[in-house]
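Just below is one structure, and these are the notes that go with it.
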2 protein chains.
Amino acid sequence: MANITLKQLRYFEALAGQGHFGRAAELCSVSQPALSMQIKELEGQLGMALFERGARQVRLTAFGEDFGRHARGVLRGAQELEEMARKAREEFSGRLRLGVIPTIAPYLLPRVFKALAARYPRLDIQVRETLTSKLLTELDEGRLDAAILALPVSEPSFEEVPLFEESFVLVRPEGEAALPVPSAESLSQMRLLLLEEGHCFRDQALSVCSIPQVRPRDGFDASSLSTLVQMVGAGMGVTLIPEMAVPVETRSASVAVARFAAPEPARSVGMIWRKTSPLIEQLRDVADLVRDAAGRA
Amino acid sequence: MANITLKQLRYFEALAGQGHFGRAAELCSVSQPALSMQIKELEGQLGMALFERGARQVRLTAFGEDFGRHARGVLRGAQELEEMARKAREEFSGRLRLGVIPTIAPYLLPRVFKALAARYPRLDIQVRETLTSKLLTELDEGRLDAAILALPVSEPSFEEVPLFEESFVLVRPEGEAALPVPSAESLSQMRLLLLEEGHCFRDQALSVCSIPQVRPRDGFDASSLSTLVQMVGAGMGVTLIPEMAVPVETRSASVAVARFAAPEPARSVGMIWRKTSPLIEQLRDVADLVRDAAGRA
DNA sequence: TATTTGCCATAATTAAAAATTATCAAAGCG
DNA sequence: CGCTTTGATAATTTTTAATTATGGCAAATA
């Protein structure tokens with residue numbers, strides 16, 4: 001046995017409203033027999049008469065009235081589906097799950113949030129802050145829509161766009177502020193404080209200093225840039241931090257910040273998403289917006 | 001542009017649940033391309049992607065999730081329509097609008113109500129008590145489903161079934177109880193009290209007495225059998241009432257009731273409905289039930 | 001009462017939609 | 001690499017729904 005269709009319900013509603021097959025058919029822009037047949041088919045499927053066809057007029061049966069009340073709700077629901085789509089189409093709305101690595105999130109997000117909220121008022125932005133490896137897994141599994149991290153990622157299934165270059169700056173104890181700025185390479189000779197393993201920034205810092213690899217030293221590896229700066233302030237050594245973290249992290253610490261001589265060491269920050277993502281258009285737009293927000297710093 | 005169909009929603013729901021075109025198609029008992037095409041069509045109509053087709057799995061988009069939540073409601077609504085029909089089919093339920101003339105209603109209905117409620121527990125019985133002419137109009141206009149009144153009606157658009165014969169009895173002042181029962185015809189010589197114009201029972205009484213027509217006499221025509229009996233009790237004259245009214249109307253009045261000699265004057269009470277009514281089957285059943293209830297008096 | 005008219009049902013046919021089978025291309029996997 | 005899985009596409013067939021034409025019934029008209 002076949003199933004009820006929305007078309008039948010639309011015809012039904014027209015006929016219930018008009019009480020006249022011909023006019024109802026015209027209202028639906030179909031011929032009268034088309035409507036007659038669909039109504040007949042519907043009644044057949046239900047096993048119940050919906051209309052009483054009198055000589056002078058077509059009337060709803062008691063069951064037809066009940067049916068009509070309920071059918072109206074179904075039709076309205078179907079129409080709302082289309083309206084949902086229309087609304088969603090004309091504006092990027094819904095949910096955006098964005099992953100950001102910890103050495104970027106606290107410094108970039110405040111600006112990005114503001115810009116995103118202004119551009120897409122109806123967008124629900126969910127942020128996940130974690131290490132690159134986890135971001136990649138979650139992105140791949142569809143639990144994130146995009147991620148902001150250090151490029152390159154070089155996953156063929158991801159599209160990546162660069163956002164900005166971020167220089168690394170030297171953070172030394174306040175007392176050393178007057179000393180000449182050492183070259184990045186010469187940092188390997190100093191007590192260089194690093195983030196824990198897993199942070200890409202740890203590897204980037206080591207790479208800048210041309211140090212191939214270092215065994216993690218318990219108690220010496222910090223879990224955040226903030227801790228790192230505090231450790232420098234306590235005289236435990238020197239460190240590198242990304243430029244963007246400077247205003248926030250060095251404000252209340254007794255440390256001196258120094259830029260390296262050109263060419264400054266730096267990393268590329270970018271945004272990635274699945275090549276298959278249906279949000280690609282919007283994500284490109286979001287990337288532009290993030291780039292703007294970061295540049296206007 | 002075409003419209004969303006319930007079939008598309010069913011396919012959508014299957015795919016959302018399975019995350020796999022092949023399995024979803026199997027669940028719907030169709031081929032995989034059939035389902036693929038319908039999903040594609042649906043996405044095209046919405047102008048929005050519902051699924052992200054990754055290499056390893058098919059995932060709902062954020063919009064797809066919203067859509068799914070709403071779509072589920074629409075599908076459930078459609079299914080409820082079928083359930084409504086199934087329920088209504090297996091039992092006479094809904095609403096029965098029954099018209100009854102005033103000279104029958106008060107005496108017959110108590111019994112009929114009980115019988116109907118026992119037989120059709122889910123039936124909502126609405127009674128309209130008014131004169132025959134109004135009943136006929138309202139029945140014709142579809143504002144009533146059936147009517148109980150005195151036959152014959154002889155409208156070709158109505159089907160009529162007899163229910164029972166109802167004798168007329170003589171009501172006299174208590175003091176006249178010992179007198180011989182006059183013949184019906186001889187009542188024309190007495191002070192015969194009648195109902196107001198419009199009551200069929202007025203005409204039936206006159207007909208029984210072989211009185212062709214009488215001008216209404218203000219203040220002498222009663223608006224109900226109850227009043228009529230009270231007037232007899234007050235010594236204003238004699239009257240006829242239908243047998244069925246005797247127990248109720250003569251209980252507390254100082255009147256004497258006498259049956260006429262055979263052949264007793266009587267009227268035929270029956271039930272009518274539109275020949276086009278979709279309730280015909282059930283109405284025949286109701287008529288049987290009313291006949292039973294009346295006979296068991 | 002005969003006639004005409006309005007209105008819905010039915011039939012025959014055509015048009016459109018949706019299904020099927022077969023095949024392809026991309027991506028994961030041993 | 002081949003091999004498998006999986007979804008998209010193409011060609012075709014089947015099914016469904018539409019159209020036009022026609023018929024029949026009952027009410028309104030003359």
Side-chain angles (χ1 to χ4, degrees), chain A residues 1-12 14-16 18-45 49-61 64 140-142 155-159 274-278, chain B residues 1-12 14-16 18-45 49-60 64 137 140-142 155-159 274-278:
Chain A
M1 165 185 150
N3 257 317
I4 292 182
T5 68
L6 287 177
K7 190 183 329 195
Q8 288 171 342
L9 296 187
R10 293 195 191 95
Y11 289 1
F12 166 86
L15 182 54
Q18 297 297 118
H20 188 289
F21 280 77
R23 279 192 290 277
E26 193 179 10
L27 208 71
C28 298
S29 308
V30 293
S31 65
Q32 170 263 312
L35 190 133
S36 277
M37 287 189 300
Q38 287 300 323
I39 295 291
K40 188 179 155 192
E41 174 73 15
L42 178 59
E43 288 180 321
Q45 286 162 350
L50 293 167
F51 296 95
E52 175 179 347
R53 294 139 171 87
R56 54 188 66 220
Q57 59 180 328
V58 177
R59 272 190 298 269
L60 277 173
T61 63
D140 186 55
E141 289 171 351
E155 275 282 340
S157 63
F158 294 156
E159 177 169 326
R274 290 183 302 281
K275 280 179 179 166
T276 58
S277 173
Chain B
M1 164 185 152
N3 257 316
I4 291 182
T5 69
L6 287 177
K7 191 185 323 196
Q8 288 170 341
L9 296 187
R10 291 194 193 97
Y11 289 1
F12 166 87
L15 182 54
Q18 296 297 118
H20 188 289
F21 280 77
R23 278 192 290 278
E26 193 178 10
L27 207 73
C28 298
S29 309
V30 293
S31 65
Q32 170 263 313
L35 190 132
S36 278
M37 289 190 299
Q38 286 300 322
I39 295 292
K40 189 178 155 192
E41 173 73 14
L42 177 59
E43 289 180 322
Q45 286 162 350
L50 293 167
F51 296 95
E52 176 179 345
R53 294 139 171 87
R56 55 189 66 218
Q57 59 178 329
V58 177
R59 272 191 298 268
L60 277 174
T137 306
D140 186 55
E141 288 172 352
E155 275 283 339
S157 63
F158 295 155
E159 178 169 325
R274 290 184 301 282
K275 280 180 179 164
T276 58
S277 173

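In what follows, chains are A, B, ... by sequence order, proteins preceding strands, each numbered from 1.
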Original post:
More than 12 heavy atoms of other residues, nucleotides or ligands under 6.0 Å from CD of B/E26: is that the case?
Top reply: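 No.
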
**OP:** Evaluate whether atom NZ of B/K40 has more than 12 neighbouring non-hydrogen atoms of other residues, nucleotides or ligands under 6.0 angstrom away.
**Re:**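 For B/K40, atom NZ is not crowded (no more than 12 foreign heavy atoms under 6.0 Å).
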
Subject >> Bend angle of the helix from C/dT1-D/dA30 to C/dG30-D/dC1, end axes from five pairs each (to 10°) >> reply: 20°

Integer-rounded Å distance: [N] [atom2] and [X] [atom1]:
X	N	atom1	atom2	result
A/L42	D/dT16	CG	P	16 Å
B/F51	D/dT6	CZ	P	17 Å
A/E26	C/dC8	CD	P	13 Å
A/R59	C/dC7	CZ	P	15 Å
A/E41	C/dA9	CD	P	14 Å
A/Q38	C/dC8	CD	P	17 Å
B/N3	C/dA16	CG	P	17 Å
A/K275	C/dA26	NZ	C1'	13 Å

Any side-chain heavy atom of [X] sitting closer than 4.5 Å to one from [Y]?
X	Y	value
B/Y11	B/L42	no
A/L27	A/Q18	yes
B/T137	B/E141	yes
B/N3	A/R10	yes

Tell me whether the side-chain N/O atoms of [X] come closer than 4.0 Å to OP1 or OP2 in [N].
X	N	result
A/H20	C/dC8	yes
A/S36	C/dC8	no
B/R53	D/dT6	no
B/K7	C/dA19	yes

Original post:
A/K40 side chain: which of C/dT10, C/dA18, C/dA9 is closest?
Top reply: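 Nucleotide nearest to A/K40's side chain: C/dT10.
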
Original post:
How does protein contact run along nucleotides 19-30 of chain D, one letter per nucleotide 5' to 3', with B for base contact, S for sugar-phosphate only, - for none, heavy atoms under 4.0 Å?
Top reply: BBB----SSS--

**OP:** Inspect the contact between A/E43 and A/R53 and indicate whether a charged nitrogen and a carboxylate oxygen are less than 4.0 angstrom apart.
**Re:**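 Yes, this pair counts.
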
Subject >> Salt-bridge criterion met for A/R59 and A/E52 (N-O under 4.0 Å) >> reply: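 Result for this pair is yes, salt bridge flagged.
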
**OP:** Let me know, please, whether B/F21 or A/Q8 comes out on the 5' side of the other along DNA chain D by nearest nucleotide.
**Re:**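 Looking at the nearest nucleotide for each, B/F21 comes out on the 5' side.
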
Original post:
Do you know the tightest heavy-atom contact between A/K275 and A/F158?
Top reply: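 Of all heavy-atom pairs spanning A/K275 and A/F158, the closest is CE-O, 3.7 Å.
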
Original post:
What nucleic acid atoms does A/Y11 come within less than 4.0 Å of, heavy atoms only: base, sugar-phosphate, or nothing?
Top reply: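 Result for A/Y11 = sugar-phosphate.
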
Original post:
For A/T61, which residues count as a side chain to side chain donor-acceptor pair (under 3.5 Å) partner, sequence neighbours excluded?
Top reply: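 So A/T61 forms no side chain to side chain donor-acceptor pair (under 3.5 Å) with any residue.
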
